[in-house]
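Sequence positions, counted from 1, serve as the residue numbers for this chain. All values below come from the heavy atoms of this structure, side chains included, with hydrogens, waters and symmetry mates left out. Quick caveat, the model's predicted, so the values are computed rather than measured.
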Amino acid sequence: MSLKVLVVDDQGIVRAGFAAVIDAEDDMTVVGEAADGVEAVRLAADLAPDVVVMDVRMPELDGIAATRIITGRENAPRVLVLTTFDLDAYVFDALRAGASGFLLKDVHAAELLQGIRVVAGESVLAPSATRRLIGHYASGAERARPGSDSGGPQDLATLTGSQRNVLTLLASGLNNAEIAEDLGITVGTVKSHVNALLRKLGLRDRVQATILAYDLGLTHPNPPGGHL
């Protein structure tokens, strides 16, 4: 079954280029294209895509606001944000708003396609660039945290000790196999803990969980020069 993709970018040539690359894949179909956030919100509702490839800076309604509206709906698609700059505050805000990851606009075609497949699935591991962006902004100056974007400190009381340990490790960038090895449990048990903690905290995916863990001080950015 083909992944249905909506491509959103205000630059026609960029939008057409991404659409052509995606549509050439056997397991993907571009179901629509949008030139601004308003059109993206409308088409996401009408076309029910699995993934929205979303530009951030657009007229009418920017990608952050559009992402918040789209991901706030029932059975919402995943959103993969595209940006020109690596450590982009706008992209961090988009991740807070519900996006599942981001890529740079000059990404190679293979990386774009892989990014779409990753966010369409279980988002097993946020890309290192996404973790670095989250660490850069979430650990910086105090920021307002919209109540609907992540859970609060009181929500952690609903987690078991094992679930809290898994939350800390996944936010540090470990995948399920690495978490299982670290805690001495099976990968299946890790998956069960991840699903349970996401459900209890009302989070969409591991990216949202990572943001929450940074906000609450459960994990911290790697020191300069550290592995990401």
Side-chain angles (χ1 to χ4, degrees), residues 3-10 14-15 18 22 32-34 36-45 47-58 60-105 107 111-138 143-151 170-171 173 198 201-215:
L3 288 173
K4 298 184 293 183
V5 182
L6 172 62
V7 180
V8 185
D9 197 293
D10 65 332
V14 173
R15 190 170 66 248
F18 284 138
I22 296 167
E33 299 179 31
D36 58 58
V38 172
E39 189 176 16
V41 169
R42 179 179 62 81
L43 290 179
L47 302 175
D50 299 302
V51 177
V52 179
V53 176
M54 178 78 76
D55 189 17
V56 174
R57 295 177 176 85
M58 296 182 295
E60 302 297 333
L61 188 70
D62 65 31
I64 300 169
T67 294
R68 183 173 291 110
I69 295 170
I70 291 171
T71 59
R73 294 168 171 164
E74 188 175 357
N75 299 319
R78 300 282 180 157
V79 176
L80 178 64
V81 176
L82 298 178
T83 180
T84 306
F85 307 104
D86 192 347
L87 290 178
D88 188 338
Y90 288 99
V91 176
F92 176 68
D93 288 339
L95 293 175
R96 276 195 181 278
S100 294
F102 86 96
L103 292 171
L104 296 178
K105 278 194 172 183
V107 67
E111 293 175 283
L112 171 64
L113 298 170
Q114 177 62 15
I116 292 171
R117 293 184 178 104
V118 168
V119 300
E122 297 182 354
S123 293
V124 172
L125 182 65
S128 61
T130 300
R131 291 198 307 274
R132 182 157 62 96
L133 182 81
I134 292 170
H136 182 80
Y137 287 104
R143 301 173 57 91
R145 291 175 56 243
S148 61
D149 289 346
S150 58
L170 76 82
L198 292 178
L201 298 176
L203 304 173
R204 285 177 53 79
D205 55 28
R206 295 170 76 116
V207 171
Q208 297 295 296
T210 300
I211 292 174
L212 176 62
Y214 274 105
D215 282 340

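Thr67 approaches Ala94 most closely through the heavy-atom pair CG2-O, 3.9 Å. The minimum heavy-atom distance between Glu33 and Leu43, with the atom names listed, is O-CD1, 3.3 Å. Contact detail for Val207 and Ser100: the closest heavy-atom pair is CG2-O, 3.0 Å. The heavy-atom pair separating Ala76 from Arg204 by the smallest distance is CB-NH1, 3.7 Å. Considering every non-hydrogen atom in both Ala44 and Leu6, the closest pair reads N-CD2, 3.8 Å. Nearest heavy atom pair, residue Tyr90 against residue Ile64, reads O-CD1, 3.4 Å.
Between the side chain of Thr71 and the main chain of Ala97, a donor-acceptor pair closer than 3.5 Å is present. Side-chain N or O atoms of Lys4 include none that pairs as donor or acceptor with a backbone N or O of Val51 at under 3.5 Å. Side chain of Gln208 to backbone of Leu95: a donor-acceptor contact under 3.5 angstrom is found.
Residues Pro77 and Val52 are in side-chain contact: their nearest non-hydrogen atoms beyond the backbone lie under 4.5 Å apart. Residues Met58 and Val8 meet the side-chain proximity criterion, which asks for heavy atoms closer than 4.5 Å. Contact check for Arg73 versus Val41: side-chain heavy atoms found under the 4.5 Å cut-off.
Atom CZ in Arg78 sits 12.0 Å away from atom CG in Leu3 (nearest 0.5 Å). We find the CG-CZ distance between Leu212 and Arg206 to be 14.0 Å, quoted to the nearest 0.5 Å. Interatomic distance, CG of Leu103 versus CG of Leu112, reported as 6.5 Å (0.5 Å rounding). Taking CG from Leu80 and CZ from Phe102, the interatomic distance works out to 10.0 Å, rounded to the nearest 0.5 Å.
We find that Arg42 and Asp36 are not joined by a salt bridge, their nearest charged nitrogen and carboxylate oxygen being 4.0 Å or further apart. With respect to Asp10 and Arg15, no salt bridge is recorded, no charged nitrogen being found less than 4.0 Å from a carboxylate O.
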I would like to know whether Val56 and Leu82 meet side-chain contact (heavy atoms from CB on, under 4.5 Å); could you show each step before the answer? CA-CA 7 Å; Val56 174; Leu82 298 178; over 6 Å; no
Audit row: Thr84, Arg57, side-chain contact (heavy atoms from CB on, under 4.5 Å) steps and yes/no: CA-CA 10 Å; Thr84 306; Arg57 295 177 176 85; 5.6 Å; no
Verdict with reasoning, Val5 to Asp50, per side-chain contact (heavy atoms from CB on, under 4.5 Å): CA-CA 6 Å; Val5 182; Asp50 299 302; over 6 Å; no
